[in-house]
Number of protein chains: 4
Amino acid sequence: MAETTDTRGTGGVAADQLRSLIERIERLEEEKKERADDIRDVYLEAKSNGFDTAVMRQVVKLRKQDSAERQEQEAILDLYLHALGMAPDAGERA
Amino acid sequence: MAETTDTRGTGGVAADQLRSLIERIERLEEEKKERADDIRDVYLEAKSNGFDTAVMRQVVKLRKQDSAERQEQEAILDLYLHALGMAPDAGERA
Amino acid sequence: MAETTDTRGTGGVAADQLRSLIERIERLEEEKKERADDIRDVYLEAKSNGFDTAVMRQVVKLRKQDSAERQEQEAILDLYLHALGMAPDAGERA
Amino acid sequence: MAETTDTRGTGGVAADQLRSLIERIERLEEEKKERADDIRDVYLEAKSNGFDTAVMRQVVKLRKQDSAERQEQEAILDLYLHALGMAPDAGERA
DNA sequence: TCGCCTGATAGTTGCC
DNA sequence: GGCAACTATCAGGCGA
């Protein structure tokens, strides 16, 4: 734990490091928000072109679920293989 | 001590009603927690019988996803039908 | 130790046991969800009667905290009683 | 005929447009997720360097609030300036 | 445009 | 002690 008291005086090394981390996070959150706004804009554009955004959202959600489910399938396969001692790279190879 | 303390005057009836609502919620939350505890117990029982609970949780999750996806499929079908003005009982259009 | 590698062959005992456990879990989760839905309904009913559900949720939370503290007090009391050899029922509990 | 996937007569153009919109959305959501993952990574890095991430999240939140308040102040100022016919054409934002 | 509702996100708790 | 699931809170989108 960093009760390092490295903060000799004000603005120690830890403080600088912390400031840097915070700023990186803030920059990333800003970019994340930009993407969210862009997505919102695309939906607005779609709506203004006569598309049903509810349907579109459903489509996007469904396609996301499909890929998520595929991931799950792979995860559970791995788990089975491990449970059966047949993991690909588990070192255990009878 | 359950006399009509505050029930006279303004807000009395509302107070009784509120109390009733709160108690119903609390009872339901209690029951919900009981179920959660039961689930936890089943997993513990499974583990004590040599089953891999991680695999089990994954299985449960996957089966839940399957049914959720089926629901989504139906939802999107409904949306399409609506978007095409072919909804089962909704011929009304603004 | 229970040997669950009984899964060799077609539908071993372990497989049946696993299926049973999974189904119990799913039933319990279903019931848990029903309670959650009921709670939601009560809040909706409250809202339709003019109550502020945010305030209600706060109340429920506070009362839960209170009860938690009370239980903690009881736990401490039990501890003392045990330490004094005055526990109501020693040990056996299902 | 250059556009083979264009099923004219059955909303082909719209279909292409819809596909394009969906793909733009999915790409943006992907990028959004990348940023979220990056943020998560920075917090992990911070933690591995001994920082308390809960505190850091609090700091980020507070700074976001501060900036929101500052922007509100600027908005009010703009409003006043407009009301006075003194709105700047293109103001620089720090 | 306002209020409702659903989905996203941050915090909390329990498990490993 | 770290990590993941769950829960509660909050904001954005939709309908009236």
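Chain A is the first sequence line, chain B the second, and so forth, proteins listed ahead of strands; every chain is numbered from 1.
Between K64(A) and E29(D), at least one side-chain N (NZ, or NE/NH1/NH2) sits under 4.0 Å from a carboxylate O, which counts as a salt bridge. The existence of a salt bridge linking R35(B) and E34(C) is excluded, since no basic side-chain nitrogen approaches an acidic carboxylate oxygen closer than 4.0 Å. Checked for salt-bridge contact, D37(D) and K33(D) meet the test: a charged N lies under 4.0 Å from a carboxylate O.
Nearest to the side-chain atoms of R40(A) among the listed nucleotides dC5(E), dT7(F), dG13(F) stands dG13(F).
The two residues Y43(B) and V60(B) come nearest to each other via the heavy atoms OH-CG2, 3.8 Å.
Residue R27(A) places its CZ atom among more than 12 non-hydrogen atoms of other residues, nucleotides or ligands, all under 6.0 Å distant. Other residues, nucleotides and ligands place no more than 12 heavy atoms under 6.0 Å from the CD atom of E72(C).
The distance from atom CG of D41(B) to atom C1' of dC15(E) is 14 Å, rounded to the nearest whole Å. Rounded to a whole Å, the CZ atom of R35(B) is 24 Å from the P atom of dA5(F). Rounding to whole angstrom units, CG of residue L62(C) and C1' of dA8(F) are separated by 14 Å. Rounding to whole angstrom units, NZ of residue K33(B) and P of dC6(F) are separated by 15 Å. Rounded to whole angstrom, the span from the CD1 atom of I39(A) across to the P atom of dG7(E) amounts to 16 Å.
Residues R57(B) and K64(C) each lie close to DNA chain F; by heavy-atom proximity, the contact nearer the 5' end of the strand is made by R57(B). Take the nearest nucleotide of DNA chain F for L44(D) and for E29(B): the residue whose nucleotide is more 5' is L44(D). When each of Q58(A) and Q58(D) is assigned the nucleotide of DNA chain E with its nearest heavy atom, Q58(A) is the one assigned upstream, toward the 5' end.
Note on K32(C): only backbone sugar-phosphate atoms sit closer than 4.0 angstrom, heavy atoms only; bases stay farther off. Counting non-hydrogen atoms under 4.0 angstrom, K61(A) reaches the backbone sugars and phosphates but no base.
Going from atom NZ of K32(C) over to atom CG of D38(B) covers 11.0 Å, rounded to the nearest 0.5 Å.
Contacts with DNA chain F (heavy atom under 4.0 Å) in residues 46-56 of chain A: K47(A), T53(A), listed by number.
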